[in-house]
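Below: one structure, written as structure tokens.
Note that these values count all heavy atoms, side chains included, but never hydrogens, waters or copies made by symmetry. Only a predicted model underlies this, so the values are computations on that prediction, with no experimental measurement involved. Just so we're on the same page: letters track the sequence lines, and every chain starts at 1.
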2 protein chains.
Amino acid sequence: MADPLSTVFAALADPTRRAILNMLLEDDMAVTDVAEPFQMSLAAISKHLATLADAGLISRERRGRVIWCKLEPDALRNASVWMQGFGQFEPVDLDAFERFLETELATEFADDSPAAPD
Amino acid sequence: MADPLSTVFAALADPTRRAILNMLLEDDMAVTDVAEPFQMSLAAISKHLATLADAGLISRERRGRVIWCKLEPDALRNASVWMQGFGQFEPVDLDAFERFLETELATEFADDSPAAPD
DNA sequence: GCAATCGTCAACCGGATGGTTGAATATCGT
DNA sequence: ACGATATTCAACCATCCGGTTGACGATTGC
């Protein structure tokens, strides 16, 4: 299909998928458990997981009835490295980091929160 | 529209736009000059530049007749920082970096090369 | 074997995306 | 003022994307 870098970035360009990655950061999870906090259907989450797996960001392994999803940081690292190539000429600004984290916590948790807004 | 992080990743998820960023890494450029190496229409490039500007990855400044495009690494750094949050638990492997650069040079230049394949 | 559970597949829908072309706008040079 | 240059706008088109629902396949447990 598309080049790997495009696939990874496209996979990251969705708050639901980034939230899933965040969840998988804590632990491997079954598809149903991944889907549980979200409002959308299981099929939708299944598609998101397929997208993440296509990008190499996660792997899925069937064990009995349940399919376990596991973070695969390698693809992410490639993209990160690509970015660092750009950022290279200017070192990471830790102040900007903190400022970013604040705004990101605000927006991301508003947009991505798996908790139903009800 | 969407949250900033999604916008940045979506902007990066296109080889043409990444190639443009690569070009702007060298120097600021006029829109026409950005478009010159590509096969697509000027309008298409103009849209790509708008996408990049929306994501905050570039800025455009009109000086006379010509609009100069300039890389704005801040948005990229935010995304990079987000990624590093994921990669944190495992440090960047410089060997992997080099290996990646090779394959990326191969694929990126096959897919993204501004030079007409003719 | 049968019912329940886990997950995907297929078809569909509306809206975004990436491209085109042609007209419109803005600026420059004469 | 006019023509040329630089860039965008608008309309259009095909395709992709994120979601839905309903049927299907696989596995478990009774």
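With salt bridges taken as basic N to acidic carboxylate O contacts below 4.0 Å, none links B:Asp54 and B:Lys47.
Closest approach to the A:Val31 side chain among C:dT8, C:dA4, C:dT20 is made by C:dT8 (side chain taken as heavy atoms from C-beta onward). Nearest nucleotide to the B:Met40 side chain, out of D:dA6, C:dC6, C:dG19: C:dG19. Here the nucleotide nearest the side chain of B:Ala44, chosen from C:dG19, C:dT21, C:dT8, is C:dG19.
As rounded to whole Å, 16 Å separates atom P of D:dA6 from atom CD1 of B:Ile45. Taking atom CG of residue A:Asp54 and atom C1' of nucleotide C:dT8, one finds them 14 Å apart after rounding to whole Å. Distance B:Leu49 CG to D:dT8 P: 7 Å, rounded to the nearest Å. For the pair A:Arg65 CZ and D:dG25 P, the interatomic distance rounds to 18 Å; values are reported in whole Å. For the pair B:Leu52 CG and C:dG18 C1', the interatomic distance rounds to 13 Å; values are reported in whole Å. A:Asp14 has its CG atom 14 Å from the C1' atom of D:dC16, to the nearest Å. Summarising the geometry, the separation between NZ on B:Lys47 and P on D:dC12 is reported as 13 Å, rounded to the nearest angstrom. Remark: C1' of D:dT7 and CD1 of B:Ile67 are 5 Å apart, rounded to the nearest angstrom.
Taken to the nearest 0.5 Å, the CG atom of B:Asn22 stands 6.5 Å off from the CH2 atom of A:Trp82. Atom OG in B:Ser6 sits 9.0 Å away from atom CZ in A:Arg17 (nearest 0.5 Å).
Among the protein residues, A:Arg63 comes within range of no part of the nucleic acid, since none of its heavy atoms lies under 4.0 Å from any strand.
With DNA chain D read from its 5' end, the first of the two nearest nucleotides for A:Ala43 and A:Arg62 is the one closest to A:Ala43.
A continuous path of Ile, Leu, Val, Met, Phe, Trp and Tyr side chains, each step under 4.5 Å between heavy atoms, connects A:Leu5 with B:Met23, placing both in one hydrophobic cluster.
Contact check, A:Ser46 against C:dT8: a side-chain N or O comes under 4.0 Å of OP1 or OP2.
Only one option out of B:Asp27, B:Leu25, B:Leu57 pairs with B:Leu71 in a side chain to side chain contact (heavy atoms under 4.5 Å, CB included); it is B:Leu25.
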